Amino acid sequence: MSKIVHIVGNRPQFIKLAPVSRALQQYHIEEIIIHTGQHYDENMSNIFFDELDIPYPKENLNVGSGTHAQTTARVMERLEKVVDREKPDGVIIYGDTDSTLAAAVVISKLNIPLFHIEAGPRTYSKTNPEEKNRVVADHLSDYLFVPDRVSAENLQKEGIPAERIIFSGDVMYDEFLYVVRQDNDAYTAKYPADFILMTWHRQENTYDMERMEKIIDFISRINCNIVFPLHPRTKKRLSEYGLWDRIYQNKKLTIMEPVGYREMTVLLNKCSLVVTDSGGVSKEASFAQKRCFFFLGLAVWPELIKSGHIRLIDVGDRKSVESGLSEINNALISDEKQMPKANCFGDGNAAKIIADTIKNIL
Ligand code: UD1
Ligand code: UDP
């Protein structure tokens with residue numbers, strides 16, 4: 001029996017893993033999950049395994065938090081030993097985090113077939129940490145599963161042979177469709193109508209106080225209640241910079257601990273629109289047919305920008321903030337809140353395509 005190892009460590013990776021693991025279970029393949037431990041709070045990690053019925057990791061490398069170099073180095077050192085012992089026939093990595101980068105380097109040097117899920121997106125930013133991780137992981141991987149056509153084109157432009165690029169569609173879309181079909185009524189009842197869903201966690205938006213103050217000012221000018229599940233990175237920075245008073249002045253904000261994925265899908269479906277700097281949430285807004293205002297100024301998901309699902313706002317630029325705010329406030333009073341379907345992330349069968357491909361290769 002072939003053996004496949006999944007390497008995950010961050011919240012979005014647990015969500016991406018769920019449908020892939022389900023699809024692989026249809027085959028006679030032994031599946032092992034290695035958790036790097038980059039995310040470790042109950043509601044940043046375990047909640048996803050419990051709620052989404054993901055098999056528990058066989059190993060947790062417990063790398064915890066650190067600088068980019070510390071996280072990457074700890075994963076590399078600890079992972080190599082576990083993989084040497086497990087001797088998998090193939091390894092799956094997900095997305096673009098430091099755990100992804102570290103795993104790509106280790107696995108590729110061990111010459112084990114490496115499958116990268118959500119390969120190919122590019123923002124062409126020189127400073128964005130996720131871009132660096134993804135470029136390296138893509139170029140070290142043997143098989144690259146792309147979520148959309150633009151990602152496939154990006155990889156081809158970089159010289160990756162076409163036979164290694166597989167258009168699967170987006171596993172996050174699979175999981176969204178799967179979870180919204182479940183009974184989530186308890187969460188639906190929790191939230192009154194008319195709110196914006198906001199998330200905020202990216203390094204570029206949390207590393208300096210001035211930038212965070214600009215974001216707080218920007219949020220304070222939105223004319224609507226805002227539900228805000230707070231990422232631990234942002235929580236820590238708000239404390240370090242003494243910004244809680246500024247946050248609490250905004251009576252329209254409901255700040256919550258991070259929520260599980262089922263609750264998140266309810267929030268996505270029920271909100272009027274989404275304000276975020278998350279790559280995953282900006283995509284999911286389109287799954288829920290919601291308009292998304294992306295406050296990082298990075299060209300994420302070009303097809304969604306073109307179709308008007310994502311509107312970029314650069315919070316460092318006054319003009320961009322003013323026009324973005326007027327669009328948000330206009331969208332809130334418009335009768336047409338539902339966006340058309342986007343149709344660029346496949347048809348909800350990405351995990352099956354991935355599992356079939358892996359089965360044929362192993
Ligand atoms: C990481 C990824 C980012 C991804 C995000 C998903 C990298 C470089 N970044 O960012 O691409 O969008 O995950 O959420 O890999 N913390 C806790 N508890 C936790 C996890 C984090 O308190 O369970 C706090 C710690 O103070 C930590 C900080 O959050 O220092 C940042 O965590 P880290 O994993 O370094 O980066 P993320 O912002 O989570
Ligand atoms: N998410 C969640 N609970 C939250 C916030 C986000 O389940 O409180 C989900 C979200 O729906 C998406 C994923 O986590 O599927 C995105 O993770 P995040 O924004 O942390 O990272 P990114 O996608 O930017 O890498």
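One-based numbering, in listed order, for ligands and for the atoms of each. All values derive from a computational prediction rather than experimental measurement.
No salt bridge links Arg221 with Asp217; every basic N to acidic carboxylate O contact stays at or beyond 4.0 Å. Residues Arg122 and Glu158 are paired through a salt bridge, judged by an N-O separation under 4.0 Å between the basic side chain and the carboxylate.
In terms of polar-atom proximity, defined here as any N/O pair under 3.5 Å, Val281 makes no such contact with ligand 2. Considering backbone and side-chain N/O of Thr199, none are found under 3.5 Å from N/O of ligand 2. Residue contacts with ligand 1: Tyr40 is placed with a nitrogen or oxygen under 3.5 Å of a nitrogen or oxygen of the ligand (distance criterion only). For ligand 2, none of its N or O atoms has an N or O atom of Met172 under 3.5 Å away.
In this structure, Asp142 contributes its side chain and Leu114 its backbone to a donor-acceptor pair below 3.5 Å. No donor-acceptor distance shorter than 3.5 angstrom exists from the side chain of His35 to the backbone of Leu61, with no hydrogens or angles considered. In this structure a side-chain-to-backbone donor-acceptor pair under 3.5 Å is present from Arg134 to Glu118. Here the side chain of Lys290 pairs a donor or acceptor atom with the backbone of Cys271 at under 3.5 angstrom. Remark: the backbone N or O of Asp194 is not paired with any side-chain donor or acceptor of Lys270 at under 3.5 angstrom. Remark: the backbone N or O of Gly9 is paired with a side-chain donor or acceptor of Gln13 at under 3.5 angstrom.
Using a 4.0 Å cut-off between heavy atoms, Ser65 contacts ligand 1 through its side chain alone, with no backbone atom that close. Looking at Thr97 against ligand 1, both its backbone and its side chain come within 4.0 Å, counting heavy atoms. For Arg233, heavy-atom contacts with ligand 1 shorter than 4.0 Å involve the backbone as well as the side chain.
Among protein heavy atoms, atom 13 (C) of ligand 2 sits closest to Ile15 CD1, 3.8 Å. At the top of the distance list for atom 15 (O) of ligand 2, counting protein heavy atoms only, stands Glu284 OE2, 2.5 Å. Scanning the protein for heavy atoms near atom 25 (O) of ligand 2, the closest one is Pro12 CG, 3.6 Å. Protein heavy atom at the shortest distance from atom 24 (C) of ligand 1 is Pro232 CB, 3.8 Å. In this structure, atom 18 (N) of ligand 1 lies nearest to the protein heavy atom Asp41 OD2, 3.0 Å. With hydrogens left out, the protein atom closest to atom 3 (N) of ligand 2 is Val259 O, 2.7 Å, a heavy atom. Gln38 NE2, 3.0 Å is the protein heavy atom nearest to atom 34 (O) of ligand 1. Looking only at heavy atoms of the protein, atom 12 (O) of ligand 1 is closest to His201 NE2, 2.9 Å. Among all non-hydrogen protein atoms, the one lying nearest atom 19 (O) of ligand 2 is Ser278 OG, 2.7 Å.
Assignment of Lys235 to the shell around ligand 1 is not supported, since no heavy atom sits closer than 4.0 Å. Heavy-atom separations between Pro12 and ligand 1 include at least one value shorter than 4.0 Å.
Less than 4.0 angstrom separates some heavy atom of Met44 from each of these atoms of ligand 1: 23 (O). Interface of Gly280 with ligand 2, defined as ligand atoms under 4.0 Å from a residue heavy atom, comprises 22 (P), 23 (O), 24 (O). Within the listing of ligand 2, atoms 8 (O) sit less than 4.0 angstrom from a heavy atom of Pro258. With ligand atoms numbered from 1 in the order given, ligand 2 contributes 7 (O) to contacts under 4.0 Å with heavy atoms of Phe48. Close contacts between ligand 1 and Asn10 involve ligand atoms 1 (C), 2 (C), 13 (O) [criterion: under 4.0 Å to a heavy atom]. Residue-ligand proximity, Lys236 to ligand 1, at heavy-atom distances under 4.0 Å covers atoms 26 (O), 30 (O). Each of the following atoms of ligand 1 lies closer than 4.0 Å to a heavy atom of His68: 8 (C).
The hydrophobic cluster of Met339 has no other members, since no ILVMFWY side-chain heavy atom comes under 4.5 Å of it.
In Glu163, the CD atom is crowded: over 12 heavy atoms of neighbouring residues, nucleotides or ligands sit closer than 6.0 Å.
By the 4.5 Å heavy-atom criterion applied to side chains, Thr100 and His116 are counted as neighbours. Looking only at side-chain heavy atoms (C-beta outward), Glu131 and Leu298 stay at 4.5 Å or farther from each other. Residues Tyr94 and Pro12 have side chains not in contact (no heavy-atom distance under 4.5 Å, counting atoms from C-beta outward). Using a 4.5 Å heavy-atom cutoff, the side chains of Lys235 and Glu257 are in contact.
With atom 3 (C) of ligand 1 as the reference point, the heavy atom nearest to it among Arg134, Arg202, Glu130 is part of Glu130. For atom 17 (O) of ligand 2, the nearest non-hydrogen atom from the set Arg11, Met264, Glu263 belongs to Arg11.
Partner Tyr173 forms a ring pair (Phe, Tyr, Trp, His ring centres under 6.0 Å) with one of Tyr178, Phe345, Phe287 and no other, that one being Phe287.
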